[in-house]
2 protein chains.
Amino acid sequence: MKTAAAPAEDQIDVSTQSIRDAIRDAIVDRRLAPGTKLSEADVGALFNVSRTLVRGALQALSYEGLVNVEKNRGAFVAYPSPEEARQIFATRRMIEPGILREAAKHMGLSHFQYLRQLLMEEGRLMNERGQMARRAEIKASGDFHLALASMTGNAVLQRFMDELVARSSLVIALYGQSAVSSCGHQEHQDIVTSIERGDLDRACQQMAHHIDHIEADLDMRENKGSDLREAFRR
Amino acid sequence: MKTAAAPAEDQIDVSTQSIRDAIRDAIVDRRLAPGTKLSEADVGALFNVSRTLVRGALQALSYEGLVNVEKNRGAFVAYPSPEEARQIFATRRMIEPGILREAAKHMGLSHFQYLRQLLMEEGRLMNERGQMARRAEIKASGDFHLALASMTGNAVLQRFMDELVARSSLVIALYGQSAVSSCGHQEHQDIVTSIERGDLDRACQQMAHHIDHIEADLDMRENKGSDLREAFRR
DNA sequence: ACCCATTCGATCGTATACAATTTGAACAAC
DNA sequence: GTTGTTCAAATTGTATACGATCGAATGGGT
């Protein structure tokens, strides 16, 4: 057993889906470090299920880009390369302005209230200290983008954004410097304000800059300590 | 055994991946009709593998949206609703202009040659008769869009487009009227010409219209007979 | 002391076995 | 003739078993 990551919930009725979600959360929350090996037997033991279900979960996560499965070697928490990170953010730059315009078409009062509520929560976390608050903050930041995606009513887009946000969280956890998120929060607020005003062009521009800022705040030099293992993997 | 869909290849060394690809091709080529049940045992028998591998393949296809897996009932070739179709094309409208701009940044002489070659093949198929040529034509049309995506050098985008094109093919096969593809071919050529001239704005506009035309040429009235079952599935 | 071949343990890949659920049909009641 | 119920066959869900592959440790040779 390598990692102690499983929530101590009573593991009743766990199926592939819940295992997938649990591991996914653990990865995005960075309770599982990139590069960590996810042995089928170990994970199965943690959840009291057979390798069959674990394999299914790992395969799904591999499809989302959160874990890499190497043939005959096992599954590892993804360790996004700087190039991968660049591609992820390039993709977000490409689709998020469109999401914003599409979402705006469908937004009513209740949607704005919901966004404002998310932002308040985000701000609250920003002023807290500690690892846990930091994690929650990263997640909350992603939730904002996911909320916009869900407001498009487009399930395909929503799935794409799910994947992009999850992988972004991983990248931020890996390469992110500290000061980032605070400015991100202000930018979220500005975007909502622009949408409310009906100034979508401005909102899109702000969104583009926002993504630029997130990416610019990464330090993607190769890396912290354990990268030697990673370099010679393969 | 319900369907006779497997290519009669000598099924040596088939693994999950190849099963997935074979079924995927069969679906996109419409050798497997939407709604067809893909029984694990039957598919396994066709490929001479156990249900384990078949399950993996079906799960992957489910993630791509080509197959619906219903718990305790089995896997079925996807039967995209008009709403799903709309979402797929909305997403393509959103990202393909961006792909085009990104691809253009990386394109050199050899890339143009490759695109021209694809277009020639496409034109050749257009002038042929018969089901087989029609299928090949739909596939070739998709290949054009995939080729552009691959030229971005962005693996994430490429995967998204893979999925979108595959699902589009299914939708076209389902709801497409006949005359469509011929005008699509001309539009592909125009887009390449615009890119070559460096007029990206024009190329993007043409791409947007191209996607509009594809979608406009679908007849998405609810449907051919068996849709009652579909309506009350779930 | 270093290098290469061999062996052994651990882990994955695939097949099979068994339990749980669904489905369709036969049959009885209205 | 239709509706409701019971039961058997078929199909999926999950676990386990066994063979295959990889990696590290071991040992002999130079």
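In what follows, every chain begins at residue 1, and chains take the letters A, B, ... in the order their sequences are listed. Note that the structure is a prediction, hence the values are computed from the model and not measured.
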> Just by distance, no angles: are the side chains of B:Q87 and B:E83 close enough, under 3.5 Å, to form a donor-acceptor pair?
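Indeed, the side chains of B:Q87 and B:E83 share at least one donor-acceptor pair under 3.5 Å.
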> Please report the distance, rounded to the nearest Å, between NZ in A:K37 and P in D:dC22.
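Value for this atom pair: 13 Å.
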> Which heavy atom in B:A75 sits nearest to a heavy atom in B:V67, and how many Å separate them?
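For B:A75 and B:V67, the tightest heavy-atom pair comes out as CB-CG1, 3.8 Å.
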> Kindly write out the residues that satisfy side-chain contact (heavy atoms from CB on, under 4.5 Å) with A:S141, not counting sequence neighbours, or none if the list is empty.
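With neighbours one apart ignored, the set is A:E122, A:H188.
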> In this structure, how many angstroms lie between the P atom of D:dG13 and the CD atom of B:E40, rounded?
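B:E40 atom CD is separated from D:dG13 atom P by 6 Å.
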> Using atom CG of B:L58 as one end and atom P of D:dT12 as the other, report the distance to the nearest whole Å.
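It is 9 Å, rounded to the nearest whole Å.
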> Rounded to whole angstroms, how far apart are CD on B:Q59 and C1' on D:dG13?
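My rounded result for the distance is 12 Å.
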> So, using side-chain contact (heavy atoms from CB on, under 4.5 Å) as the criterion, who are the partners of B:N72 when residues are at least two apart?
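With sequence neighbours excluded, B:N72 shows a side-chain contact (heavy atoms from CB on, under 4.5 Å) to no residue whatsoever.
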> Parallel, tilted or perpendicular, judged at 30° and 60°: which one describes the rings of B:F160 and A:F160?
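Parallel: the ring planes of B:F160 and A:F160 meet at under 30°.
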> Rounded to the Å, how far apart are A:I19 CD1 and D:dG13 C1'?
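Taking atom C1' of D:dG13 as the reference, CD1 of A:I19 is at 13 Å.
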> To the nearest 0.5 Å, what is the distance between CD on B:E215 and OG on B:S168?
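OG of B:S168 is found 9.5 Å from CD of B:E215.
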> Give every pair of a protein N or O atom and an N or O atom of nucleotides 14-21 of chain C that lie under 3.5 Å apart, one pair per line with the distance.
unit_1	atom_1	unit_2	atom_2	d
C:dA15	OP2	B:S50	N	3.0
C:dA15	OP2	B:S50	OG	2.7
C:dA15	N7	B:T52	OG1	2.8
C:dT16	O4	B:T52	OG1	3.4

> Taking CZ from B:F76 and P from D:dT11, how many angstroms apart are they, rounded to a whole number?
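That distance rounds to 11 Å.
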